[in-house]
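Before any comments, here is the structure.
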Amino acid sequence: MRTRNRAEILYRTLLSSYGPQGWWPLSGKYHRGLPKTRSQRYEICLGAILTQNTAWRNVDTVLASLRQQKLLSPKAISTLSEKKLAALIRSSGYHNQKARKVKLFTEFFLSLRGTPSRADLLSLWGVGEETADSILLYAYGEHVFVVDAYTRRVASRMGLLGPDPSYSETQELFSQALPASAYNEAHALLVEHCKRSCRVRPVCEGCVVGGDCGFAGI
DNA sequence: CGCCAGGTGGGAT
DNA sequence: ATCCCACATGGC
């Protein structure tokens, strides 16, 4: 299908233009490949929750601060009260809700053996589709394509999908267009692309996608 | 200073 | 199923 082909071309264009992104970012550095330790895995999960509708910069501040206070571990978090935790993660926004989410997730994480199922993740209060898929892909190396607001924006503006595409149809498009080994990199590249060019108020000048996007821009 | 950021859950339609 | 809204801080 032509749409699939264009999605694949988009990925190749972004990769050759921006280079490999080396995701998931951990506090203070970037991490390539699967997390090596349980601690890194936990940090990725925490970041996935804290970054919900929030700029990564604000999340990074929180993670670095938790790390410095030796609180960046499931056991340490589990000993904190929800109120204490909320104060510690304040600058990531929605801190009251997120404190509850993190507490619930942490209990889940401590009881985990091996890789969680998507359904188990989704059953947790505060874990929706994007967060579940981010955790599966970046913390556990499962071959799941992560859809976020950026992914939908690009796909929609390029005419790969209609306006306001659903999570599942967006996921299906990219899942079928790309090899599973590229899911990790593709998501990271789409984020980078939207930060540089495909913003809410698009900066079409200098956009690497150029002619393959019919979006009029501003 | 208003806009925007790697969403989610709950309630109404 | 699909809208609509609350949730909150920080940087540009």
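Sequence lines set the chain letters: A, B, ... in the order given, protein chains first and strands last, and positions in each chain run from 1. Here the structure is a predicted model, which means the values were calculated and not measured.
Contact check on R12(A) versus E8(A) returns a salt bridge, with a Lys/Arg side-chain nitrogen under 4.0 Å from an Asp/Glu carboxylate oxygen.
Counting any heavy atom pair closer than 4.0 Å across all strands shown, E130(A) reaches sugar-phosphate atoms only and no base atom. Heavy atoms of L122(A) sit nowhere under 4.0 angstrom from any nucleic acid atom. Among the protein residues, S92(A) comes within range of no part of the nucleic acid, since none of its heavy atoms lies under 4.0 Å from any strand. The residue V59(A) sits apart from the nucleic acid: no heavy atom pair falls under 4.0 Å.
Distance NZ (K98(A)) to P (dA8(C)): 9 Å, rounded to an integer number of Å. Between the P atom of dC7(C) and the CD1 atom of I89(A) lies a distance of 16 Å, rounded to the nearest Å. Counting to the nearest Å, the C1' atom of dG2(B) and the CZ atom of R201(A) are 12 Å from each other. One atom, CD of Q97(A), and another, P of dG7(B), lie 14 Å apart when rounded to the nearest Å. Between the CZ atom of R196(A) and the P atom of dA5(B) there is a distance of 17 Å, given to the nearest Å. At whole-Å resolution of the value, CG in N58(A) and C1' in dG10(C) are 5 Å apart. Atom-to-atom, CD of E129(A) to C1' of dG9(B) comes out at 13 Å; the value is rounded to the nearest Å. Rounding to whole angstrom units, CG of residue N53(A) and C1' of dG9(B) are separated by 13 Å.
In this structure, a donor-acceptor pair under 3.5 Å is absent between the side chains of T131(A) and K101(A).
Note on R199(A): every side-chain N or O is 4.0 Å or more away from OP1 and OP2 of dA5(B). Look at R153(A) and you'll find a side-chain N or O under 4.0 angstrom from OP1 or OP2 of dA5(B). Phosphate contact (OP1/OP2 of dT8(B), side-chain N/O of T131(A), threshold under 4.0 Å): present. Using a 4.0 Å cut-off, some side-chain N or O of N96(A) falls inside it from OP1 or OP2 of dA8(C).
Checking side-chain atoms of Q52(A) against main-chain N and O of G126(A) turns up a donor-acceptor pair under 3.5 Å.
The side chain of S91(A) lies closest to dG10(C) when the candidates are dC7(C), dC3(C), dG10(C). Between dC3(C), dG10(C), dA8(C), one nucleotide has an atom nearer to the side chain of H95(A) than all others, and that is dA8(C).
Nucleotides of DNA chain B nearest to K195(A) and W125(A) differ in position, and the one nearer the 5' end is that of K195(A). In this structure, G126(A) and H187(A) both approach DNA chain B, and ranking their closest nucleotides by distance from the 5' end singles out H187(A).
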Table please: side-chain donor-acceptor pairs of residues 186-195 of chain A below 3.5 Å, with sequence neighbours left out.
| residue | atom | partner | partner atom | Å |
| --- | --- | --- | --- | --- |
| H187(A) | ND1 | V146(A) | O | 3.3 |
| E192(A) | OE2 | R196(A) | NE | 2.7 |
| E192(A) | OE2 | R196(A) | NH2 | 3.2 |
| H193(A) | ND1 | Y18(A) | OH | 2.9 |

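The same atom, P, is picked in dT8(B) and in dG10(C); the two are 22 Å apart, to the nearest Å.
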Item to check | Worked check of side chain to side chain contact (heavy atoms under 4.5 Å, CB included) between T106(A) and Y42(A) | outcome: CA-CA 8 Å; T106(A) 299; Y42(A) 179 71; 2.7 Å; yes
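L26(A) contributes atom CG, which lies 7.0 Å from atom CZ of R67(A) (distance to the nearest 0.5 angstrom).
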